[in-house]
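Have a look at the structure below before the remarks.
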Amino acid sequence: MAEAKKLTGAGLRGQSAGSTALCTVGKTGSGLTYRGYDIHELAEKVSFEEVAHLLLKGELPTQAELDAYVGKLKTLRALPQALKEVLERIPADAHPMDVMRAGIAVLGTLETEQSFAEQGDQADRLLAILPSIICYWYRFSHDGVRIETALDDDSTGSHFLHMLRGEKPSALHAKVMNVSLILYAEHEFNASTFTARVCASTLSDIHSCVTGSIGSLRGPLHGGANEAAMDMIEQWQSADEAEREILAMLARKDKIMGFGHAIYSESDPRNGIIKQWSEKLAQDVGDTVLYPVSVRCEEVMWREKKLFCNADFFHASAYHFMGIPTKLFTPIFVCSRVTGWCAHVFEQRANNRIIRPSADYVGPDARPVPAITER
Ligand SMILES: CC(=O)SCCNC(=O)CCNC(=O)[C@H](O)C(C)(C)COP(=O)(O)OP(=O)(O)OC[C@H]1O[C@@H](n2cnc3c(N)ncnc32)[C@H](O)[C@@H]1OP(=O)(O)O
Ligand SMILES: O=C([O-])CC(=O)C(=O)O
């Protein structure tokens with residue numbers, strides 16, 4: 001079993017910033033559990049909606065609870081007219097994460113959380129509507145069509161692909177989306193979730209918390225790494241070329257996106273799972289380049305630097321093989337992680353003290369303000 005990573009230095013690394021009953025990350029080096037359930041078992045046996053229920057409502061649902069929950073989510077997929085109009089005004093070259101951030105900000109003005117008693121329903125609405133927001137904007141701005149978002153797909157992943165392509169996905173694609181959404185759902189005090197908790201600690205509303213989280217997830221050191229990894233690997237025509245380029249990047253001390261992790265020491269448990277599905281998808285589309293390129297990157301990074309693929313790296317090829325445009329990779333992460341964010345908001349609210357750390361002052365000593373003519 002891998003040893004836990006030694007956590008010291010800047011970035012609050014290794015410091016406990018609160019407690020959570022939602023998730024353990026890297027407790028023994030490479031483990032990941034949601035409310036005590038191992039990620040491998042969840043990815044194999046349950047649906048994303050069951051995981052959402054687990055995170056947001058405390059337990060895996062019974063069949064009757066699941067049926068009711070899926071039914072409820074389906075009723076929450078429609079976009080308010082005012083939100084559609086805003087989305088239609090956002091240009092095609094906008095960053096899709098900005099579209100999601102703006103979409104939730106607008107939703108917060110239309111369906112404002114009036115009291116914390118509404119938080120469960122608000123979280124369900126966010127979960128159901130986020131795929132609608134991004135796909136409505138994408139299809140309108142790129143294809144000039146106003147899509148129907150209130151579709152009857154049973155799963156969030158199928159709903160997303162159905163809106164994106166205008167037809168129901170294959171069983172393989174539906175399955176991979178389901179696994180992917182499970183893998184991305186929750187990860188303890190990562191940057192975007194901590195953003196949500198800081199915002200929640202001021203007793204702010206849930207739309208503000210989630211809007212802030214989307215902003216934090218957008219960066220390439222966090223959720224944006226799946227797109228950055230795709231931009232990198234798609235340039236290479238063979239595994240040998242990938243090896244040469246990775247070695248050159250390492251020599252230049254470039255950051256290789258999709259590798260390394262703040263908490264895990266020698267592997268990210270989500271990687272092996274999504275890698276298997278990426279391989280299946282590669283076979284499905286007859287790929288002979290991108291998957292071998294990805295595998296070679298993994299081998300070279302481990303051999304040269306003992307750096308391993310995080311959850312984002314093989315998501316890049318998996319999403320690509322399903323024909324998903326690269327710019328929608330990180331928005332899919334949002335559609336999943338909103339469950340973790342909201343569950344953390346609930347947890348923060350249930351046992352709250354405003355989050356307000358201290359800083360070590362390194363500026364000038366106290367001094368008088370000079371007159372403007374003397375500066
Ligand atoms: C779902 C997710 O959000 S997973 C993370 C997605 N992000 C990425 O894939 C971006 C690339 N990776 C990284 O930037 C980092 O590994 C992070 C942000 C994930 C973690 O950062 P840290 O906790 O600071 O990394 P860590 O302390 O393990 O770094 C150790 C050394 O390895 C280097 N290193 C870490 N990751 C990488 C990488 N991907 N490429 C090159 N070097 C790296 C660091 O620069 C550091 O070198 P130094 O000691 O010479 O300064
Ligand atoms: O935990 C982290 O720092 C980043 C991560 O892997 C995630 O949020 O899924």
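Residue numbers count from 1 along this sequence. Please read all numbers here as calculations on a predicted model, not as lab measurements. For the numbers below, each heavy atom of this structure counts, side chains included, while hydrogens, waters and symmetry mates do not. Remember, it's 1-based here, ligands and their atoms both numbered in the order they're listed.
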Distance filter under 4.0 Å, heavy atoms only, around ligand 2 gives His187, Asn190, His222, His261, Arg270, Arg337
Counting only heavy atoms on the protein side, is anything nearer than 4.0 Å to [atom]?
| atom | value |
| --- | --- |
| atom 51 (O) of ligand 1 | no |
| atom 6 (C) of ligand 1 | yes |
| atom 47 (O) of ligand 1 | no |
| atom 31 (C) of ligand 1 | no |
| atom 13 (C) of ligand 1 | yes |
| atom 26 (P) of ligand 1 | yes |
| atom 41 (C) of ligand 1 | yes |

Test item: [X] side-chain N/O and [Y] main-chain N/O as donor-acceptor pair under 3.5 Å:
| X | Y | result |
| --- | --- | --- |
| Asn190 | Glu188 | yes |
| Glu111 | Gly108 | no |
| Arg375 | Pro370 | yes |

Note: Lys5, heavy atoms under 4.0 Å from ligand 1, region reported as side chain
Mind listing the closest non-hydrogen atom pair of [X] and [Y] along with its distance?
| X | Y | answer |
| --- | --- | --- |
| Ile39 | Pro269 | CG2-CB, 4.1 Å |
| Arg77 | Arg125 | N-NH1, 4.3 Å |
| Ile129 | Ala78 | CD1-O, 3.6 Å |
| Tyr319 | Ser180 | OH-OG, 2.6 Å |

Which residue owns the protein heavy atom closest to [atom], what's the atom, and how far is it?
| atom | answer |
| --- | --- |
| atom 18 (C) of ligand 1 | Leu221 O, 4.0 Å |
| atom 3 (O) of ligand 1 | His222 ND1, 2.8 Å |
| atom 11 (C) of ligand 1 | Phe259 O, 3.3 Å |

Counting from 1, what ligand 1 atoms have a heavy atom of [X] closer than 4.0 Å?
| X | answer |
| --- | --- |
| Asp312 | 1 (C), 2 (C), 6 (C) |
| Arg13 | 22 (P), 23 (O), 24 (O) |
| Gly258 | 8 (C), 9 (O) |
| Ala262 | 20 (C), 23 (O) |
| Asp254 | 41 (C) |
| Pro220 | 7 (N), 8 (C), 10 (C) |
| Ile256 | 11 (C), 38 (C), 39 (N), 40 (N), 41 (C) |
| Ala225 | 6 (C), 7 (N), 8 (C), 9 (O) |

With distance as the sole criterion, is a donor-acceptor pair present between the side chains of [X] and [Y] under 3.5 Å?
| X | Y | answer |
| --- | --- | --- |
| Glu241 | Gln237 | no |
| Lys168 | His173 | no |
| Thr195 | Ser216 | yes |
| Asn271 | Glu298 | yes |

Tell me whether [X] at atom [atom1] has more than 12 heavy atoms from other residues, nucleotides or ligands lying less than 6.0 Å away.
| X | atom1 | result |
| --- | --- | --- |
| Lys72 | NZ | yes |
| Lys306 | NZ | yes |
| Arg252 | CZ | yes |
| Arg303 | CZ | yes |

Heavy-atom contact check, 4.0 Å cutoff: does [X] meet ligand 1?
| X | value |
| --- | --- |
| Asp268 | no |
| Ala311 | no |
| Lys253 | no |
| Phe333 | yes |

salt_bridge(Lys74, Asp153) N-O dist < 4.0 Å: no
Using heavy-atom distances, let me know which of Leu250, Asn310, Leu307 sits nearest atom 43 (C) of ligand 1. Leu307
Nearest heavy atom to atom 45 (O) of ligand 1: which of Lys255, Arg337, Met257 does it belong to? Lys255
For residues His320 and Phe329, establish whether the separation of their ring centroids is below 6.0 Å. no
Ring centers of Phe313, Phe259 separated by less than 6.0 Å: yes
